[in-house]
Asks: 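Okay, handing you the structure first.
Convention: sequence-line order gives letters A, B, ...; per-chain numbering from 1.
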Amino acid sequence: MQIKIKYFGMLTEITNCQEGTIDFSGIYISELLEILYVKYPSLKNKEFQVAQNQQLVSGKTKLNSNEIVLLPPFSGG
Amino acid sequence: MQIKIKYFGMLTEITNCQEGTIDFSGIYISELLEILYVKYPSLKNKEFQVAQNQQLVSGKTKLNSNEIVLLPPFSGG
Amino acid sequence: MSDKKTKNVFIQGAISSEFIGDSIAKHQTKTSIGAHNIFLGQVRADVVNNKRVSAIEYTAYEDMANAKFQEIRKAAFEKFELTCMHIYHSLGMVNAGEICLFVFVSSPHRKTVFEALEFIVEDIKAHVPVFGKEIFEDNSHQWKVNN
Amino acid sequence: MSDKKTKNVFIQGAISSEFIGDSIAKHQTKTSIGAHNIFLGQVRADVVNNKRVSAIEYTAYEDMANAKFQEIRKAAFEKFELTCMHIYHSLGMVNAGEICLFVFVSSPHRKTVFEALEFIVEDIKAHVPVFGKEIFEDNSHQWKVNN
């Protein structure tokens with residue numbers, strides 16, 4: 001399955017893009033992250049949260065959307 | 001000694017004036033209040049504070065100004 | 001009895017939204033500020049015994065009130081890391097829906113302004129000799145009581 | 001994924017003092033209001049390693065942010081007796097000294113607005129996916145961190 005991945009804030013400086021797609025056949029978010037860590041090794045050293053369907057999710061969550069969003073620490077206001 | 005007495009807020013409805021003078025030969029604020037209670041009996045039923053030199057004072061304070069101010073409960077803002 | 005010069009905090013009539021907007025605009029050159037907190041007191045059209053408040057007429061023991069405002073300012077600057085502070089209070093008639101109190105604090109950090117603003121507003125309500133006469137639509141009145 | 005219509009909280013660029021003044025003016029017909037409390041976030045010209053912040057560029061995961069703002073609104077109305085509440089946040093460039101966050105709560109009583117405003121602002125800072133890029137005068141940058 002093609003999954004769209006969106007990146008925000010400082011993460012876009014690691015990926016050099018605001019979004020990309022990866023081909024994914026696993027079940028869990030954690031598996032998806034493993035693929036991203038291979039593609040962008042320095043992502044491992046960054047603090048970020050993962051959102052699916054506009055909700056923050058953990059690695060143990062099952063993927064149930066074709067869009068996943070990586071969010072660095074919030075700094076609004 | 002002639003003492004000027006100023007009244008504010010609801011107290012002006014008892015005294016029918018915003019200021020008046022009384023002739024006073026005592027020492028303490030409490031003595032001055034006794035004279036005012038004779039002049040305006042319903043003042044006794046009203047809650048108020050006394051200011052001398054822009055400071056709130058008690059009945060035990062000695063009079064040391066020729067102006068005394070009677071202040072009902074504050075209701076600014 | 002104090003020799004300190006005290007700023008006049010009072011404004012005749014309501015405090016306009018333009019005045020408040022202008023006051024905010026004046027802070028854009030103060031670039032150490034990160035957070036502003038503004039309190040506005042507005043005259044409520046309370047209904048008492050089927051009569052509606054149409055306005056409040058404010059009077060004050062002005063000399064003492066201005067001195068108290070100055071004391072409150074001083075205490076707040078000592079207690080909190082504030083960049084600036086402004087206080088304005090209406091005198092005379094303020095209609096229901098209009099603004100009668102404007103307190104404005106600014107600081108590098110938000111925690112400071114939250115603490116400072118509440119401290120200042122409570123201090124004003126408790127210690128400044130201002131008196132509100134609530135005027136009803138039939139021109140009768142009652143004296144406002146703070147709580 | 002939510003079907004709820006969510007209001008757009010974002011404004012392109014700085015939030016002007018006129019906008020804030022107009023927003024205050026619009027509340028003068030709501031005569032059950034006795035107290036307003038306004039929080040304004042302003043971009044600080046912080047100095048880091050001898051370089052001064054000249055602006056912050058804000059980006060956001062807008063769909064999720066608007067949904068979060070909506071959740072915060074809902075929670076605040078449930079928790080506090082508020083008459084109204086408005087939240088605006090900047091996107092894009094906001095220069096030092098300009099306003100990037102405007103939170104406005106109104107209630108019959110002052111205690112309510114103090115509690116509600118702090119609750120809402122802290123919730124926004126912690127839970128809304130907005131990202132600030134601090135731009136220095138030499139065009140280098142660092143990513144803002146809230147604390």
Asks: Taking B:Pro73, B:Ala51, B:Pro72 one by one, which has the highest count of heavy-atom pairs under 4.5 Å against chain C?
Replies: B:Pro72

Asks: For B:Lys46, is the NZ atom crowded, meaning more than 12 foreign heavy atoms sit under 6.0 Å from it?
Replies: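 Check fails, neighbour count at 12 or below.
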
Asks: Counting only heavy atoms not in B:Tyr28, do more than 12 fall under 6.0 Å of its OH?
Replies: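 Incorrect, the count does not exceed 12.
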
Asks: Which atoms of B:Glu67 are under 4.5 Å from chain C, going by heavy atoms: the side chain, the backbone, both sets, or neither?
Replies: side chain

Asks: When rounded to the nearest 0.5 angstrom, what distance separates CG in C:Asp63 from NZ in B:Lys6?
Replies: 6.5 Å

Asks: A side-chain contact here means heavy atoms from C-beta on lying under 4.5 Å apart; do C:Phe131 and B:Leu71 qualify?
Replies: yes

Asks: Please check if atom CG in C:Asn49 has more than 12 non-hydrogen atoms from other residues, nucleotides or ligands closer than 6.0 Å.
Replies: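 No, not enclosed.
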
Asks: So what's closer than 4.5 Å to chain B heavy atoms on C:Tyr61: side chain, backbone, both or neither?
Replies: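 Both backbone and side chain.
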
Asks: A quick test of your reading: do over 12 heavy atoms of other residues, nucleotides or ligands sit less than 6.0 Å from NZ of C:Lys26?
Replies: no

Asks: B:Gln49 versus chain C, heavy atoms under 4.5 Å apart: side chain, backbone, both or neither?
Replies: neither

Asks: Top residue by heavy-atom pair count (under 4.5 Å) with chain B, among C:Val121, C:Asn146, C:Leu101?
Replies: C:Asn146

Asks: Drop me the distance from C:Lys133's NZ to B:Met10's CE, to the nearest 0.5 angstrom.
Replies: 11.5 Å

Asks: Considering only heavy atoms from C-beta outward, does the side chain of B:Ser75 approach that of C:Val145 to under 4.5 Å?
Replies: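 Side chain of B:Ser75 against side chain of C:Val145, heavy atoms only: no contact under 4.5 Å found.
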
Asks: Side chain, backbone, both or neither: which part of C:His127 has an atom under 4.5 Å from a heavy atom of chain B?
Replies: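 Only the backbone of C:His127 comes within 4.5 Å of chain B.
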
Asks: Considering residues, nucleotides and ligands other than B:Glu47, do more than 12 of their heavy atoms fall under 6.0 Å from its CD?
Replies: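 No, CD of B:Glu47 has 12 or fewer neighbouring heavy atoms, counting only those of other groups under 6.0 Å.
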
Asks: Could you tell me whether the side chain of C:Lys68 and the main chain of B:Gln54 form a donor-acceptor pair under 3.5 Å?
Replies: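 It does not hold such a pair.
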
Asks: At a heavy-atom separation under 4.5 Å, does C:Ala126 approach chain B through its side chain, its backbone, both, or neither?
Replies: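 Contact with chain B: backbone only.
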
Asks: Just so I know, are the side chains of B:Gln18 and C:Thr59 near enough to count as touching, which here means a heavy-atom distance under 4.5 Å?
Replies: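 No, every pair of side-chain atoms sits at 4.5 Å or beyond.
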
